[in-house]
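Everything on this sheet refers to the single structure shown next.
Count residues from 1 along the sequence. Quick note: numbers below take in every heavy atom, side chains included, and nothing from hydrogens, waters or symmetry partners.
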Amino acid sequence: MTQSPPTRATLLLRLRNADDTDAWSQFVRDYGPMLYRFVRSRGLQDADAADLVQDVMRSVGAAIGRLDYQKEKGGFRAWLFTVTRNKLYSYFEKNARIQQGVGDTSTHEQLGQAVDFREGLEDQWELEHQRQMAMRAMEAIRESAEPKTWKAFEQTAVEGKPASSVASELGMSAGAVYVARSRITAKLREEVERMLKEES
C-alpha cells in the first residue's frame with residue numbers, strides 16, 4: 001500500500017526548513033507547473049515566465065517562516081496568489097518604465113498589455129488551480145488503477161475516442177468500457193475532494 005501524501009499544512013511547515021529538499025521538490029512539482037501556466041497566460045514569454053516563477057519560489061522561501069496559515073483568511077493558495085500577482089505587477093511596471101522613453105507602436109502596444117494583464121486574473125488563477133488538481137488526481141489514481149481500466153478511461157474521457165472502438169482495441173465490451181470510465185471518474189472526484197479538504 002502506498003503511503004498517503006502529507007497534507008498541505010504539513011508540507012508548508014516542512015518548507016520552513018530550507019534544507020528539506022524533499023518538501024521543496026514536492027512543492028515545486030505541485031505548484032511550479034500551475035504558476036508557469038498562470039504567468040504565461042498573462043502574456044509573458046517562456047524565459048520571462050520561468051524567471052518570474054523562480055522569483056515567486058524565492059519569495060515563498062524567504063517568507064514561508066512568517067506565513068500564518070489560517071484557512072479563514074484564504075489559506076496558502078490565496079497567499080501564493082497574492083505573491084504571484086505582486087510579482088506580475090512588478091514585472092509589468094518595470095517593463096513600462098524601461099520602455100516609456102521609446103515612442104514606437106510596439107512599445108505602446110506593450111504598455112497597453114500591462115494594463116490588460118489584470119483582467120480575469122483571479123478567474124485564470126482558479127482555472128490553473130483546477131487543472132493542477134485534476135492532473136495530480138489523475139497521477140495518483142493512475143498508479144493504483146488496473147491498466148486496462150485506466151486505458152478505457154483515458155481513451156474515452158481524455159482522448160475522446162468512442163467506447164465501441166476502445167472496447168474493440170482493449171478486448172472489452174462497450175458496457176465494460178463505460179463502467180471503467182465511470183469508476184475512474186468517481187475515484188478522481190473523490191481524490192480531488194480529498195485534496196481540497198487537505199488544502200482548506
At what distance, to the nearest 0.5 angstrom, does [atom1] of [X] lie from [atom2] of [Y]?
X	Y	atom1	atom2	answer
Gln26	Leu15	CD	CG	8.5 Å
Glu169	Ser165	CD	OG	7.0 Å
Leu196	Glu191	CG	CD	10.0 Å
Glu93	Asn86	CD	CG	9.5 Å
Asp48	Asp55	CG	CG	12.0 Å
Ile141	Arg189	CD1	CZ	12.0 Å

Does some side-chain heavy atom of [Y] sit less than 4.5 Å from a side-chain heavy atom of [X]?
X	Y	result
Val166	Glu159	no
Val60	Trp79	yes
Trp24	Asp19	no

Would you please classify the geometry between the Trp125 ring and the Phe38 ring as parallel, tilted or perpendicular, with 30° and 60° separating the classes?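 Perpendicular, since the angle between the ring planes exceeds 60°.
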Anything under 30° is parallel, anything over 60° is perpendicular, the rest tilted; go ahead and classify Phe27 against Tyr31.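 Plane angle between 30° and 60°, so tilted.
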Give a yes or no answer on whether the side chain of [X] reaches the backbone of [Y] with a donor-acceptor pair at less than 3.5 Å.
X	Y	value
Thr82	Ala78	yes
Glu146	Lys148	yes
Ser168	Ser164	no
Arg136	Asp30	no

Gln132 and its side-chain contact (heavy atoms from CB on, under 4.5 Å) partner, picked from Met135, Glu128, His129: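 Result: among Met135, Glu128, His129, Met135 is the only option passing the side-chain contact (heavy atoms from CB on, under 4.5 Å) with Gln132.
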Heavy-atom pair of closest approach, residues [X] and [Y]:
X	Y	result
Ile184	Ala145	CD1-CB, 3.8 Å
Leu35	Val53	C-CG2, 3.8 Å
Arg40	Asp46	NH1-N, 3.0 Å
Met138	Trp150	O-CH2, 3.6 Å
Ala180	Thr149	CB-CG2, 3.7 Å
Ile64	Leu12	CG1-O, 3.9 Å

A quick test of your reading: do over 12 heavy atoms of other residues, nucleotides or ligands sit less than 6.0 Å from CD of Gln45? no
Would you find more than 12 non-hydrogen atoms of other residues, nucleotides or ligands less than 6.0 Å from Tyr178 atom OH?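 Open.
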Per the salt bridge (Lys or Arg N to Asp or Glu O under 4.0 Å) rule, what does the pair list look like for residues 175-188, sequence neighbours excluded?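 The answer is none; no pair qualifies.
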Establish whether [X] and [Y] are linked, either directly or via other cluster members, by ILVMFWY side-chain heavy-atom contacts under 4.5 Å.
X	Y	value
Leu44	Leu80	yes
Leu127	Val192	no
Val83	Val39	yes
Tyr36	Val28	yes

Salt bridge flag under 4.0 Å for residues Glu126 and Arg131: no
Do Arg142 and Glu139 meet the salt-bridge criterion of a basic N to acidic O distance under 4.0 Å? no
